[in-house]
Amino acid sequence: MSVIRFYVLVAEGVTDCSFLEAILEKYLGFVQYENIKELPPLFFEMIGTYPLATGELRRQDSPTFYYRNEIGIAVKQAGGCSQIPVKVGLLANIIDKLDVYEDFGGFLIFCDTDLHTKEEIREEFKKKFLKNDILFDGKTLKFYEYQMQCKLYLFPSHDVGAIEKLLLECTEVTYNSLFQDAQGYKNRIMQDEYQELRKRCWANKKSVQEFYSDKVQFGAVSAVLRPDKPVRFAIKDRLIKSDYFGKFMQLPEFKQLFGFLTDNLMGEKNTG
């Protein structure tokens with residue numbers, strides 16, 4: 001596995017990363033590295049370290065690594081949209097340290113819109129990058145005297161919300177009865193008798209509660225699909241399956257995401 005072109009996918013949390021990883025594995029033919037000794041030097045430098053200063057025996061901040069032919073991909077969890085520019089900056093420092101700019105294909109950033117507009121998110125990213133002396137124009141990063149591709153993909157591509165909207169669309173075409181029942185559960189929780197509970201556990205604003213309701217619905221779905229495992233296993237083991245690809249490609253949001261990934265990772269200019 002002689003990797004000569006590297007990409008880094010950075011997403012908010014475990015749900016987003018699990019979805020992207022499942023697409024890489026099931027539909028794009030990427031294989032996860034299983035042995036640390038096989039990692040290219042760039043990926044090895046990205047492995048999390050034990051926080052010796054605090055004495056914790058817990059490895060932190062390790063991406064998941066994949067390869068296919070000459071392409072290598074690191075999928076990085078940022079721990080929230082606000083942390084994405086920080087994580088990208090740290091990874092850019094590793095690229096600079098090893099001086100592998102010519103081998104680096106770029107960053108692909110995935111972020112939920114939540115209740116913000118796309119322009120608001122782009123502007124906030126610009127400000128956060130600038131704090132670390134990095135210029136971001138929405139498509140590239142200027143780091144020292146170098147320029148790197150850095151493209152931003154927002155969930156959903158239209159309107160506001162989060163990755164759960166797309167995951168629920170996928171559920172509707174593959175597990176329709178489960179989708180309907182989980183939607184009934186969500187609607188029940190959104191009734192007035194649960195108002196105080198929603199305010200105490202979710203948020204006071206109705207708009208924020210509506211945003212969280214998709215998470216509640218998909219949480220109910222994932223609990224049925226993999227009751228013995230966290231949500232990422234429901235996504236990777238039960239929802240994103242090879243034989244569902246044709247159905248998912250009928251969903252405009254999924255088709256757009258898949259096109260974004262293939263264009264930037266598998267396009268002719270990116271295959272070496």
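Listed for the Gln77 side chain is no donor-acceptor partner under 3.5 Å among the backbone atoms of Cys17. Between the side chain of Ser62 and the backbone N or O of Ile47 there is no donor-acceptor pair closer than 3.5 Å. Counting only distance, with no hydrogens or angles, the side chain of Arg68 and the backbone of Leu28 share a donor-acceptor pair below 3.5 Å. For the pair Asn93 (side chain) and Gly89 (backbone), a donor-acceptor distance under 3.5 Å is present. Using a distance-only test at 3.5 Å, with no hydrogens or angles considered, no donor-acceptor pair links the side chain of Ser213 to the main chain of Lys186. For Lys236 (side chain) and Lys241 (main-chain N/O), no donor-acceptor pair under 3.5 Å exists by modelled atom type. Under the 3.5 Å distance criterion, the side-chain polar atoms of Asn35 are matched with a main-chain donor or acceptor of Lys37. Checked by atom type and distance alone, the side chain of Glu120 pairs as donor or acceptor with a backbone atom of Thr117 at under 3.5 Å.
Gln83 approaches Ala78 most closely through the heavy-atom pair CB-O, 3.3 Å. Of all heavy-atom pairs spanning Gln32 and Thr64, the tightest one is NE2-CG2, 3.4 Å. Here the closest heavy-atom approach between residue Pro40 and residue Val3 is recorded as CG-CB, 4.3 Å. Counting all heavy atoms, side chain and backbone alike, Pro156 lies closest to Lys118 at O-NZ, 3.4 Å. Across every non-hydrogen atom of Ala220 and Ala182, the tightest pair is CB-CB, 4.1 Å. In this structure, Pro63 and Met46 approach most closely via the heavy-atom pair CD-O, 3.3 Å.
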Step by step, work out the side-chain contact (heavy atoms from CB on, under 4.5 Å) result for Glu25 and Ile240. CA-CA 10 Å; Glu25 293 174 11; Ile240 306 303; over 6 Å; no
One pair to check against ring-ring contact (aromatic ring centres under 6.0 Å, His included): Phe260 and Phe258. What are the steps and the verdict? CA-CA 5 Å; Phe260 178 82; Phe258 187 77; over 10 Å; no
Start with the C-alpha gap between Tyr101 and Asp96, add the side-chain angles, then the distance that decides, and say whether side-chain contact (heavy atoms from CB on, under 4.5 Å) holds. CA-CA 7 Å; Tyr101 288 100; Asp96 181 72; 2.6 Å; yes
So Lys255 and Gln250, side-chain contact (heavy atoms from CB on, under 4.5 Å) or not? Walk me through it. CA-CA 7 Å; Lys255 186 176 181 179; Gln250 301 302 311; over 6 Å; no
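Side-chain rings of Phe30 and Tyr66 stay apart, their centers remaining 6.0 Å or farther from each other. No close placement of the Phe65 and Tyr67 rings is indicated, their centers lying 6.0 Å or farther apart. For Phe19 and Phe110, the distance between ring centers is not under 6.0 angstrom.
Distance check: Leu257 CG to Leu154 CG gives 11.5 Å after rounding to the nearest 0.5 Å. A distance of 11.5 Å separates CG of Leu42 from CG of Asp99, quoted to the nearest 0.5 Å. Atom CG of Asp103 and atom CD1 of Ile95 lie 10.5 Å apart (nearest 0.5 Å). Here CD of Glu124 is found 9.5 Å from CD1 of Ile121. Values are rounded to the nearest 0.5 Å. The distance from atom CZ of Phe136 to atom SG of Cys150, rounded to the nearest 0.5 Å, is 5.0 Å. Atom CZ of Phe233 is separated from atom CG of Asp228 by 9.0 Å, given to the nearest 0.5 angstrom.
No more than 12 heavy atoms of other residues, nucleotides or ligands lie within 6.0 Å of CD in Glu102, so this atom counts as exposed by the packing criterion. The number of heavy atoms from other shown groups lying within 6.0 Å of CD (Gln191) is above 12. Other residues, nucleotides and ligands place more than 12 heavy atoms under 6.0 Å from the CZ atom of Phe245.
With a 4.5 Å cut-off on side-chain heavy atoms, Leu239 and Thr171 count as touching. You'll find the side chain of Phe107 reaches within 4.5 Å of the side chain of Met148, heavy atoms only. Using a 4.5 Å heavy-atom cutoff, the side chains of Phe211 and Asp114 are in contact. In this structure, the side chains of Ile73 and Phe6 stay at 4.5 Å or more apart for every pair of heavy atoms. Counting heavy atoms from C-beta outward, Gln217 and Tyr185 have side chains that stay 4.5 Å or more apart. In this structure, the side chains of Cys170 and Phe218 stay at 4.5 Å or more apart for every pair of heavy atoms. Here the side chains of Ile84 and Cys111 are in contact, with some heavy-atom distance below 4.5 Å. Residues Lys128 and Val86 are not in side-chain contact: their nearest non-hydrogen atoms beyond the backbone lie 4.5 Å or more apart.
The closest side-chain donor-acceptor pair between Glu70 and Ser2, if any, does not fall under 3.5 angstrom. Side chain to side chain, Tyr7 and Gln149 fail the donor-acceptor criterion of an N or O pair below 3.5 Å. When only modelled atom types and interatomic distance are considered, Gln195 and Arg198 share no side-chain donor-acceptor pair under 3.5 Å.
Note: Phe248 and Tyr244 have perpendicular aromatic rings, judged against thresholds of 30 and 60 degrees for the angle between ring planes. Ring planes of Trp202 and Tyr212: tilted class, angle from 30 to 60°.
Here salt bridge (charged side-chain N to carboxylate O under 4.0 Å, His left out) pairs that include residues 132-144, with residues two or more places apart or in two chains, number zero.
At a threshold of 4.5 Å between side-chain heavy atoms, the hydrophobic network of Ile, Leu, Val, Met, Phe, Trp and Tyr places Ile94 and Tyr144 in one connected group. Both Val8 and Tyr146 are members of a single hydrophobic cluster when ILVMFWY side chains are connected at heavy-atom separations under 4.5 Å.
Among Val75, Leu167, Leu9, Ile163, the one residue that satisfies the side chain to side chain contact (heavy atoms under 4.5 Å, CB included) test with Asp16 is Ile163.
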